[in-house]
Engineer: 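Got a structure for you, questions after.
Below, read A as the first sequence line, B as the second, and so on, with proteins coming before strands; counting in each chain starts at 1. Values in this document were obtained by computation on a predicted structure and should not be read as measured data.
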There are 2 protein chains.
Amino acid sequence: MNEVSQKELEGTLTQTKTLAGKVYESIKAEIIRGELSQGSKIVESELAFKYGISRGPLREAIHRLEQMKLILRVPHAGSRVVTLDIKTMHDIYTAREALEGMAARLAARHMSDEAIVSLQNLLDTHEQVISESDGKTYLQEEGNIDFHHRIASASQNQWILENLNGELYQLIRMCRYQSGQQPTRPAKALAQHRQIAFAIEQRDEELAELLMRRHISGAWKIVKTILELQND
Amino acid sequence: MNEVSQKELEGTLTQTKTLAGKVYESIKAEIIRGELSQGSKIVESELAFKYGISRGPLREAIHRLEQMKLILRVPHAGSRVVTLDIKTMHDIYTAREALEGMAARLAARHMSDEAIVSLQNLLDTHEQVISESDGKTYLQEEGNIDFHHRIASASQNQWILENLNGELYQLIRMCRYQSGQQPTRPAKALAQHRQIAFAIEQRDEELAELLMRRHISGAWKIVKTILELQND
DNA sequence: ATTCATATAATTGTTAACAATAAAGGGAAA
DNA sequence: TTTCCCTTTATTGTTAACAATTATATGAAT
């Protein structure tokens, strides 16, 4: 295990001022990238030494990771990195379907006309990227997230926004990263995004929610297939 | 500010073994009961003295309260008890509508036949309590919670279950307690519960979700009226 | 009187040592 | 050899002192 220098800790644009915050971001990234493997044990003194800090702020970082459900902690027995089995991921996608469906409904209700135009411009950009790179559609993945981020923001519901962009997003990113998922049929996803955006433009709450739920439900089926292949 | 004795800390059936866990439960109860008033500042050293512990475990308790969204923390500037304004409560009820609607759908899919019978027996008990006490329908409130708990459990979705029974439940309880809400038309609520239970029995996922969402949406309208009256 | 700067106090963030608990290992008895 | 108990070790929980930061108050200059 290597130590981490102070400069590395700063990382890319960490706006947290406390040690606990910085180390939290670092460990979170390690878990998502799989450098701390699923189910592996977290020993406080080891990590504290690795990051060159004392156990105090490290413990705070661990608590925050526990809150994000990235690690599992049991009193007096330590912590382990979460294990993303199929059942867990299914639960997460189902919760996401409920919340993001509602977010789409709220977006259809609250999104400003300018924001809707901007959303459709974003989709135009995605279309260009897809047609241009034709195979290297990696960027689409980030763009995909961007679309869902905008819907969540437009819901203007703080609770839903925080949970979609926080806990659920991190876990899905971790699963996606570690299973090496390719962007799944970007053209099809784009078409669905356009449908949703259209429903929002029409202020059709019912349809916006329905389409978003189908979209996420479809995404889960693909993820499920990938995960099942890997577990055999 | 009074100190709290060790025995009081034990409280009613606290199964947590750590100081941080016990103090977390105590402070949580104080916040929900309004003894720590909304928006008031949390000073670590004061609370640590009050509970007779050091700032270490107290800070852990505060982190957990922050996670439950019962307090708001800003680095280097301390923590404040959350303020449950109408917008916040609306967000919470909307999120609950999405999640508990999905939970009802999943319950219709997964709940065992025995569990369904047991659920209907629970509603029979509620009916008796309502007809007997006729005015003192306080118990109905707990029973109401009981019903919603069972639906959440029957969903067999860990993420949804934890969020409904954790964060959202605590905040709604806090709002209910501090606004002195009476049980709202228990007979009507019971009728709606019966409808939902019936839909689940029929394995009608669509209907179960629809009815649960209406039920919660209706509850919000009543809560909203109460809150608006108090803020004038 | 008002505003800005400085100094003071209050509060949070961090550290390292200490205590308590649970896991691991070794030895004796069956 | 296996099982149980005891001892040892490793790890987490807790404490109190220290450092860093922010808020408050005081006073001088405009």
Engineer: My understanding is that only residues two or more places apart in sequence, or in another chain, count here; which of them pass side chain to side chain donor-acceptor pair (under 3.5 Å) with A:Ser118?
Structural biologist: A:Arg150
Engineer: Not counting sequence neighbours, which residues clear side chain to side chain donor-acceptor pair (under 3.5 Å) with B:Asn121? List them please.
Structural biologist: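 In terms of side chain to side chain donor-acceptor pair (under 3.5 Å), with neighbours along the sequence ignored, B:Asn121 is linked to no residue.
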Engineer: Please output the side-chain donor-acceptor pairs of residues 217-230 of chain A that fall under 3.5 Å, not counting sequence neighbours, one pair per line with the distance.
Structural biologist:
from     : atom 1 : to       : atom 2 : distance (Å)
A:Trp220 : NE1    : A:His90  : ND1    : 2.9
A:Thr225 : OG1    : A:Lys221 : O      : 2.8
A:Gln230 : NE2    : A:Ser179 : O      : 3.1

Engineer: Give the table of side-chain donor-acceptor pairs shorter than 3.5 Å for residues 75-84 of chain A, with sequence neighbours excluded, one pair per line with atom names and distance.
Structural biologist:
from    : atom 1 : to      : atom 2 : distance (Å)
A:Arg80 : NH1    : A:Gly39 : O      : 2.9

Engineer: Can you build the contact string for nucleotides 8-15 of chain D? Use B for base contact, S for sugar-phosphate-only contact, and - for no protein heavy atom under 4.0 Å.
Structural biologist: ---SBBBB
Engineer: Taking side-chain contact (heavy atoms from CB on, under 4.5 Å) as the test, write out the residues that go with A:Ala197, two or more places apart.
Structural biologist: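 A:Ala197 satisfies side-chain contact (heavy atoms from CB on, under 4.5 Å) with A:Leu119, A:Gln120, A:Leu123 once adjacent residues are dropped.
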